[in-house]
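Structure record follows, encoded as structure tokens.
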Amino acid sequence: MGSSRTVKWSFVLFLIFLTPISIFSALMIGPADIPFKTVISTLFGGGDEISRVIVLDLRLPRVLTAFIAGFALGTAGTMAQAVFKNPLGDPYLLGISSGASLGAVIGFMINFHLVPLLAFIFAIIVSILVYSIGMAAGGKPTTLILSGIAVGMLINSIVWYLILSLPNLHGIYAWFLGSFSTVMWPQFYIILPSLFISIGMIFLYRWLNLLMLRDEEAMSLGLNVNVARTIVIIFIALITAVVVAVGGLIGFVGLVVPHICRLVVGANHRYLLPSSMLFGGIFLLAADTVARAGSTEIPVGIITALMGSPLFIYLLVRSHVKG
Amino acid sequence: MVNMDRKTVIVGIVVIAIVAAAIGFYAFYVYPQKTQGSGKIVVKDDMGRTVILNKTADRVVSLAPSNTEILFAIGAGSKVVGVTEFCDYPPEAVEGVKNGSIAVVGGFASDISIEKIVSLKPDAVFAYYGQKSVVEELENLSIPTVVFNPHNLDMIYNDITIAGEITGMNDGAKKVISEMRNTVNYVESHVANLPAKKVFFVAWGNPLMTAGNDTFINYLISLADGKNIFSDSSGWPTVSMESIVARNPDAIILTPHCGLTKKDVLNNWSNEINAVKNGSVYVIDDDILVRPGPRIVQGLLAIAEDIHPNAFEEKSYNLEVTEQWAVAAP
Amino acid sequence: MLKVENLSKFYGRKRVLKTVNLQLERGFWGLIGRNGAGKTTLLRCIMAMTTFTGTIKINGKNVKEMPRSDIAKIVGYVPQLSSQDVPLSVRDFLEIGAYYRNGNVDNVINYLGFKEERQINTLSGGEFQKLLIARAMIGNPPLLLLDEPANHLDIKNTAEIIEILKEYSKRYLVIAVVHDLNLLNFVDGVIALKNGKAKILNDVDSQALEKIFDIKVELINAGKYRFVIPRYNGFIRKL
């Protein structure tokens with residue numbers, strides 16, 4: 001908690017160092033038995049045809065996609081907690097989860113190739129709706145949250161009604177829990193922009209630091225709070241909608257990763273934002289590696305909760321005992 | 001407090017045992033015999049429940065598409081007064097719903113209307129596994145209800161026999177069963193002694209879901225001399241492309257409603273998969289693969305013809321239209 | 001320095017401030033008035049944190065036409081409530097306050113004498129209040145607005161803060177909302193708000209205070225200081 005700047009920067013550096021290691025390790029693991037050496041030689045242009053397919057066409061895009069999704073959710077979660085001034089802040093609060101669910105259900109009804117596109121479009125539409133209602137009701141962080149909950153309840157009732165008429169429930173349930181099981185290079189290119197947007201968010205760390213204070217404090221310190229909040233919310237919606245379109249509703253990462261990092265580096269977004277994005281990426285990559293390691297897949301959202309909750313509870317209790 | 005000596009106790013036990021045996025004998029042997037003699041129908045369904053009807057049923061309700069198919073196949077179609085909204089075969093059933101002679105009583109479980117069923121005054125109801133609460137309610141209303149839950153072909157034959165007994169269509173039932181046996185024999189005689197082909201069945205395309213060892217499809221694949229590559233799992237597992245590539249199926253079976261088309265698989269999946277390399281990707285209507293009714297043997301035949309194309313002189317099953325269905329599927 | 005002309009502020013249909021006119025140059029000014037008299041609203045208007053009619057000029061510049069970041073450079077503000085529960089270090093907290101200012105955080109930390117890595121949630125109420133005032137003073141803004149700076153503070157911390165403000169007001173304009181009327185002993189001038197009107201009190205006598213606070217008071221002279229005591233009897237009888 002009372003760690004110095006050196007400690008905070010070393011944590012960020014440690015995560016930067018850990019990123020390539022975790023990506024390399026994840027590439028070694030999978031249901032197909034490919035020896036360590038073959039994976040390495042395949043990565044550098046060698047390997048037989050089958051290992052090239054498995055390592056380069058299947059594992060590599062999936063590993064990178066899972067990392068980017070976690071990276072983006074960690075970023076969006078940190079931004080959401082700052083902008084809502086609320087430890088329960090979650091990128092999904094903005095109506096993104098309910099909007100994306102509606103789009104996904106409609107996609108599953110028509111043709112599931114449309115699921116990513118419809119999930120993205122509806123996530124954006126519903127978050128605009130939530131934001132407009134929140135602004136009409138005064139634009140305070142709490143009203144935005146309440147607006148998200150109210151609109152979410154409305155949309156979810158429609159979603160559940162539509163689910164009843166779906167011929168196959170497996171697809172939509174798997175989507176609700178989040179999954180990267182069908183990810184190949186096309187999905188990687190869809191999610192790639194969220195990586196760049198997330199990195200760009202580092203430049204907004206001053207805004208986020210001011211936004212997490214009280215509104216009048218932030219204003220008196222020179223921030224145009226309404227403009228900054230709107231821009232930050234737009235980016236949260238964009239980043240999250242892209243991730244949801246590719247991976248479904250992966251829970252936990254956006255909510256808990258920023259908390260875990262805050263316990264280590266504190267609330268200053270100069271350290272918190274890079275830590276959360278890198279930790280989110282490594283965390284989701286690890287979870288997805290567990291999800292795909294066996295002969296059959298486990299929804300990654302279940303793994304994130306199973307892995308993250310104990311870690312989070314431990315850190316929470318420890319920080320209390322120490323604090 | 002009464003003090004009983006040991007003798008009294010033994011005598012008491014013997015008397016109770018004799019009375020119990022007599023009641024049991026009557027209930028399980030004499031009563032059914034009597035009822036049979038008196039034109040009563042006694043059947044034991046797939047859940048082990050004994051169902052007794054006073055006479056052959058003239059009005060029946062089907063609560064599952066497979067039940068509807070069985071009833072129409074054995075010639076009891078004119079007795080069907082109620083079906084579910086998923087009962088889309090045979091065309092006579094659809095026609096009946098259209099012209100109002102058959103009522104729709106609901107979907108699968110919680111959305112089935114008991115009130116609607118009662119209003120149809122059925123003599124018997126054919127339910128399916130998973131409709132427990134509906135069945136209990138019908139029992140309370142004294143409507144004879146049989147529950148089907150077949151796990152293999154013999155159980156399907158048994159279900160068809162039961163349906164024949166209840167509707168008085170015993171000959172129709174026998175005919176359907178012998179036709180089904182003929183198809184199975186035809187398949188088995190052609191695929192016997194062939195090396196088993198590795199088969200990947202796509203239950204759903206996103207995420208990729210397949211059928212485990214406790215599914216009917218797994219059973220059909222092995223009957224057709226195939227080996228489900230995911231028979232080491234159970235239920236409907238989600239699988240990764242990597243494990244499909246690693247297990248390298250010789251044939252891939254899609255359904256029109258799985259969301260993937262033959263073209264999707266041939267164009268987008270790795271050529272390292274034998275099935276993709278050889279173009280052994282087939283579409284089979286899921287209705288004949290998953291509905292445990294008379295048409296299930298057509299599913300078996302379709303699988304066998306697809307995975308062992310050289311074993312059959314001519315192909316009787318071909319589903320080319322499905323390429324369009326995949327997009328228009330509800 | 002600060003020029004307020006015909007300032008009016010409505011909350012819905014209720015007019016909180018009625019054509020307030022003020023012109024202040026420098027010194028330590030106490031802002032008094034009953035709860036709800038519009039003291040905080042007046043400060044918020046000066047910072048252009050809320051809409052209002054009329055004009056407010058600081059150093060000749062209309063605050064309505066200034067971007068937020070420019071206002072932050074010339075006005076320091078100490079709010080009634082701040083976010084002490086956020087896990088930030090003293091240095092983080094001050095750095096955040098300096099984003100839109102031209103000032104040196106290191107000097108402030110040295111001046112405060114706190115360890116820069118100390119978490120703000122471990123500070124006492126007095127220490128945190130000093131930190132807030134220090135943050136508001138980063139870059140030496142010519143106008144310093146404080147909303148009840150001595151609230152909840154013990155006598156030592158109150159004295160220290162008054163000293164800091166007095167020192168600062170030698171060069172700049174400081175306006176502080178004051179509820180403890182005894183602190184008026186240390187200010188250079190008093191602005192009173194009553195029924196939406198602002199008035200500079202040239203003489204803080206019992207008559208003026210009674211008019212502002214609707215209660216009988218007694219002034220006790222002790223050397224160069226005067227103490228204000230409310231007449232509890234009269235107050236109770238009135239009830």
Side-chain angles (χ1 to χ4, degrees), chain A residues 1-9 78 81-82 84-87 89 138-139 141 203-229 258-273 275 315-316 319-320 322-323, chain C residues 40-41 43-50 63 66-103 114-123 132 135-136 138-139 141 143-147:
Chain A
M1 282 290 284
S3 41
S4 66
R5 274 187 290 176
T6 344
V7 171
K8 290 169 185 175
W9 280 128
T78 310
Q81 282 169 15
F84 292 127
K85 311 184 203 296
N86 191 321
F203 297 104
L204 294 187
Y205 82 89
R206 290 190 161 103
W207 284 13
L208 296 171
N209 276 341
L210 284 162
L211 280 174
M212 76 179 162
L213 305 177
R214 301 175 63 86
D215 277 2
E216 65 165 14
E217 227 180 332
M219 277 193 220
S220 75
L221 295 174
L223 183 70
N224 194 332
V225 170
N226 288 333
V227 172
R229 182 149 56 213
H259 274 288
I260 293 177
C261 292
R262 200 177 288 114
L263 291 173
V264 181
V265 299
N268 190 345
H269 288 78
R270 197 171 171 184
Y271 318 104
L272 179 60
L273 204 55
S275 312
L315 286 172
L316 211 57
S319 76
H320 175 73
K322 264 178 71 182
Chain C
T40 303
T41 306
L43 299 190
R44 287 171 59 85
C45 288
I46 294 171
M47 298 224 55
M49 290 202 285
T50 180
V63 293
M66 290 167 78
R68 285 242 68 82
S69 49
D70 286 3
I71 298 176
K73 284 189 183 75
I74 55 169
V75 187
Y77 179 61
V78 177
Q80 244 182 76
L81 292 166
S82 178
S83 337
Q84 205 186 342
D85 52 346
V86 179
L88 289 171
S89 68
V90 165
R91 170 170 279 278
D92 289 336
F93 193 73
L94 291 171
E95 274 180 356
I96 292 170
Y99 286 157
Y100 293 97
R101 306 260 187 78
N102 315 312
F114 298 158
K115 275 206 186 104
E116 61 172 20
E117 278 148 21
R118 213 166 142 197
Q119 293 292 300
I120 56 168
N121 55 19
T122 65
L123 297 175
L132 280 182
R135 184 179 71 175
I138 293 172
L143 173 57
L144 193 59
L145 305 174
L146 304 97
D147 205 345

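Not measured: the values here are computed from a predicted model. Order of the sequence lines sets the chain letters (A, B, ...), proteins ahead of strands, with each chain counted from 1.
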**Report entry** Test item: C/Glu116 and A/Arg5 side chains (from C-beta on) under 4.5 Å apart, heavy atoms
**Finding:** yes
Report task. Indicate the atoms forming the closest heavy-atom contact of C/Ser83 with A/Arg214, along with that distance. Result -> OG-N, 3.3 Å
Report summary line: Whatever's closer than 4.5 Å to a heavy atom in chain A on C/Met49 counts as both
Query raised in the report: Taking C/Ser82, C/Gly97, C/Pro79 one by one, which has the highest count of heavy-atom pairs under 4.5 Å against chain A?
Result: C/Ser82
Report summary line: Bottom line for C/Ile96: the part with an atom under 4.5 Å from chain A's heavy atoms is both
**Report entry** Reported CD-to-CG distance for the pair A/Glu217 and C/Leu132, which is rounded to 0.5 angstrom
**Finding:** 6.5 Å
Report summary line: Most heavy-atom pairs under 4.5 Å with chain A, out of C/Lys73, C/Arg101, C/Arg68, C/Lys115, belong to C/Arg68
Requested in this report: Would you name the heavy atoms of C/Asp92 and A/Lys8 that are closest together and state the gap between them?
Outcome: OD2-NZ, 3.5 Å
Report summary line: Partner of C/Tyr99 under side chain to side chain contact (heavy atoms under 4.5 Å, CB included), picked from A/Leu223, A/Asn209, A/Leu221, is A/Asn209
Report task. First locate atom CD of C/Glu117, then atom OG1 of A/Thr6, and finally report the distance between them rounded to the nearest 0.5 Å. Result -> 7.0 Å
Report summary line: Turns out that what part of C/Arg118 lies under 4.5 Å from chain A's heavy atoms comes down to neither
Report summary line: Heavy-atom closest pair (C/Ala72 atom, A/Ser220 atom, distance to 0.1 Å) is CB-O, 3.5 Å
Query raised in the report: Does a side-chain heavy-atom distance below 4.5 Å link A/Glu216 with C/Tyr77?
Result: yes
**Report entry** Heavy-atom proximity to chain A below 4.5 Å, by part of C/Ile138
**Finding:** neither
Query raised in the report: Minimum heavy-atom separation for C/Arg135 to A/Leu213, with atom names?
Result: NH1-CD1, 3.8 Å
